[in-house]
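In what follows, every chain begins at residue 1, and chains take the letters A, B, ... in the order their sequences are listed.
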Protein chains: 2
Amino acid sequence: MISFTEENYLKALLRISFDSGETGVGTNELAMNLGVKPATANDMLKRLRDKALVDFEKYKKITLTIAGKKIATEVIRKHRLWETFLYEKLEFSWDEVHDVAEQLEHIQSTKLIDKLEKFLDYPAFDPHGDPIPSKGGELTKQFRKTLLDIPVGQLCKMVAVKDNSSAFLQYVVKVGLGINNEIYVQSRQEYDALMVIEVNGVASSVSEKFAENIYVV
Amino acid sequence: MISFTEENYLKALLRISFDSGETGVGTNELAMNLGVKPATANDMLKRLRDKALVDFEKYKKITLTIAGKKIATEVIRKHRLWETFLYEKLEFSWDEVHDVAEQLEHIQSTKLIDKLEKFLDYPAFDPHGDPIPSKGGELTKQFRKTLLDIPVGQLCKMVAVKDNSSAFLQYVVKVGLGINNEIYVQSRQEYDALMVIEVNGVASSVSEKFAENIYVV
DNA sequence: TAAATTTGTTAGGTTAATCTAACTTAATTA
DNA sequence: TAATTAAGTTAGATTAACCTAACAAATTTA
Ligand SMILES: [Mn+2]
Ligand SMILES: [Mn+2]
Ligand SMILES: [Mn+2]
Ligand SMILES: [Mn+2]
């Protein structure tokens with residue numbers, strides 16, 4: 001049996017390598033991400049290696065094994081299906097779903113998650129625009145552009161957010177933005193990359209940090 | 001913060017005192033119920049006492065404090081609402097819901113459970129006929145008759161089951177029984193209390209153990 | 001009521017998951 | 001390349017939740 005904690009480590013490994021675009025993950029990076037000390041992460045990594053869920057040599061980068069990746073993907077699948085349930089069926093707002101899904105993602109029942117998926121009518125994306133892996137499926141690696149990559153004078157469409165924190169998501173709503181909204185890039189400051197964007201006829205200034213957390217096409 | 005394990009101990013204490021009709025619960029009884037050793041239960045009870053969730057003196061019976069009872073009732077409320085959700089919305093059968101609800105009952109989110117209750121349209125009973133406490137409500141003590149108490153020649157109606165195990169529930173279905181079915185008691189054996197009952201025109205023999213797990217009115 | 005049985009507690013030990021402090025190896029920079 | 005800094009590991013400690021074995025108190029039975 002796999003523990004909640006082990007699942008969280010595996011999920012973090014998959015997400016970090018996904019976000020960074022690199023295969024291997026560092027111990028400190030992982031520890032930072034999970035809010036534990038490097039020594040703690042190192043202990044757990046040795047246990048996950050004993051269980052053949054991760055691969056790594058002393059002082060080298062960590063990678064998930066096939067088995068480890070499978071578990072991590074299942075946890076992400078559950079997380080995103082639960083977020084969708086909370087958003088679609090229980091009237092949660094998109095900034096509230098993540099924290100509860102962090103708990104729900106660890107419920108062990110294949111039947112539950114398959115029935116939930118059916119109940120939701122096989123959704124492809126969660127409320128933040130992230131793809132939901134299908135049963136037994138992989139997390140497909142897609143190269144997504146952020147709002148930072150859009151040149152001045154161009155129109156784009158928001159498809160997802162990178163940061164899932166409540167603080168950021170509420171800010172996004174305040175700017176009048178949401179999934180599938182069109183964004184027009186009016187101008188950009190050379191000095192600090194501050195952008196002026198227009199959404200539904202309303203102009204707002206957004207920072208570099210903000211822009212890099214908005215995925216667009 | 002209260003742990004899963006602590007919640008399970010509190011829930012067990014409430015359920016045992018409920019089932020036995022007595023206020024105090026014994027250490028061995030509790031330990032047996034939770035599938036742990038008395039020494040383990042004793043350790044945990046001391047920790048729950050430190051947190052002011054139970055009351056007991058050395059070598060005496062254990063009772064829940066107001067705070068402990070409140071938590072236990074909330075856990076039962078969550079358990080029964082989740083069972084209802086699985087049964088009503090996700091096409092689970094009544095013998096499958098309990099085990100998954102054992103996990104779901106520990107999810108911490110007041111908003112989640114209140115929204116779930118609304119989504120289910122404020123159900124009064126779970127799939128096994130047990131009452132669902134309302135938000136902030138108590139678990140009302142009701143004296144329920146079992147099929148054992150019904151004399152020969154009398155008609156009654158099944159309203160709930162005591163045993164929630166999959167094995168028992170599947171057996172109940174096999175006998176053609178379900179919540180709200182009418183049962184006619186045809187005969188009873190003096191020697192071993194074996195009963196012949198009639199449900200929807202079909203007669204079956206049921207044991208004493210079976211009969212005491214069927215609540216009727 | 002004394003003995004036997006049941007019930008409850010204590011002492012001491014294990015494992016998972018965390019920590020701090022000290023150390024080693026790898027990578028960067030001067 | 002040598003020194004410095006960053007990254008990763010080890011040692012030793014803590015806490016929750018469990019265990020076994022031994023003991024103490026309460027209850028039942030003879
Ligand atoms: Mn999320
Ligand atoms: Mn999680
Ligand atoms: Mn149940
Ligand atoms: Mn439980």
**Student:** Counting just side-chain N and O atoms, does B/Lys46 come under 4.0 Å of either OP1 or OP2 of C/dT9?
**Tutor:**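 No.
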**Student:** Whole angstroms only, please: what is the CG-P distance between A/Asp50 and C/dA16?
**Tutor:** 10 Å
**Student:** C/dA16 C1' sits how many Å from A/Glu7 CD, rounded?
**Tutor:** 15 Å
**Student:** Mind telling me whether A/Phe4 and A/His106 have parallel, tilted or perpendicular rings, with 30° and 60° as the class edges?
**Tutor:** parallel
**Student:** Angle class for the A/Phe85/B/Phe85 ring planes (parallel below 30°, perpendicular above 60°, tilted otherwise)?
**Tutor:** tilted
**Student:** So, B/Lys11 and B/Glu105, do they make that salt bridge, N to O below 4.0 Å?
**Tutor:**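 Salt bridge flag = yes for B/Glu105 with B/Lys11.
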**Student:** Using residues 68-77 of chain A as the side-chain source, report each donor-acceptor pair under 3.5 Å to any protein atom, sequence neighbours left out, with the distance given to one decimal.
**Tutor:**
unit_1, atom_1, unit_2, atom_2, d
A/Thr73, OG1, A/Lys69, O, 2.7
A/Arg77, NH1, A/Glu117, OE1, 3.4
A/Arg77, NH1, A/Glu117, OE2, 3.0
A/Arg77, NH1, A/Pro133, O, 3.2
A/Arg77, NH2, A/Asp114, OD1, 3.0
A/Arg77, NH2, A/Glu117, OE1, 3.0

**Student:** Whole-Å distance between C/dT18 C1' and A/Leu45 CG?
**Tutor:**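 My rounded result for the distance is 14 Å.
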**Student:** In terms of side-chain geometry, is the basic nitrogen of A/Glu22 or A/Lys61 positioned less than 4.0 Å from the acidic oxygen of its partner?
**Tutor:**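 Salt bridge: no.
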**Student:** Is the shortest distance from a Lys or Arg side-chain nitrogen in B/Glu212 or B/Lys162 to a carboxylate oxygen in the other one below 4.0 Å?
**Tutor:** no
**Student:** Write down the distance between NZ (B/Lys61) and P (C/dT9), rounded to a whole number of angstrom.
**Tutor:**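 Taking atom P of C/dT9 as the reference, NZ of B/Lys61 is at 10 Å.
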**Student:** Would you give a per-nucleotide map of nucleotides 17-25 of chain D, 5' to 3', where B means the base has a protein non-hydrogen atom under 4.0 Å away, S means only the sugar-phosphate does, and - means neither?
**Tutor:** SBBBB--SS
**Student:** Distance check needed: D/dT9 P versus A/Leu48 CG, whole Å only.
**Tutor:**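 Rounding to the nearest Å, CG of A/Leu48 and P of D/dT9 are 13 Å apart.
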**Student:** Verify whether one side chain among B/His128 and B/His98 offers a donor that lies under 3.5 Å from an acceptor in the other.
**Tutor:** no
**Student:** Whether the A/Ser3 and A/Glu7 side chains hold a donor-acceptor pair (N or O, under 3.5 Å, no angle test) is what I'd like checked.
**Tutor:** no
**Student:** Output the residues of residues 10-33 of chain A in contact with DNA chain D, where contact means a heavy atom of the residue under 4.0 Å from an atom of the strand; sort by number or write none.
**Tutor:**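 Hits under 4.0 Å, by residue number: A/Gly26, A/Thr27, A/Asn28.
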**Student:** Which whole-number value in Å describes the distance from A/Lys60 NZ to D/dT9 C1'?
**Tutor:**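 Rounding to the nearest Å, NZ of A/Lys60 and C1' of D/dT9 are 14 Å apart.
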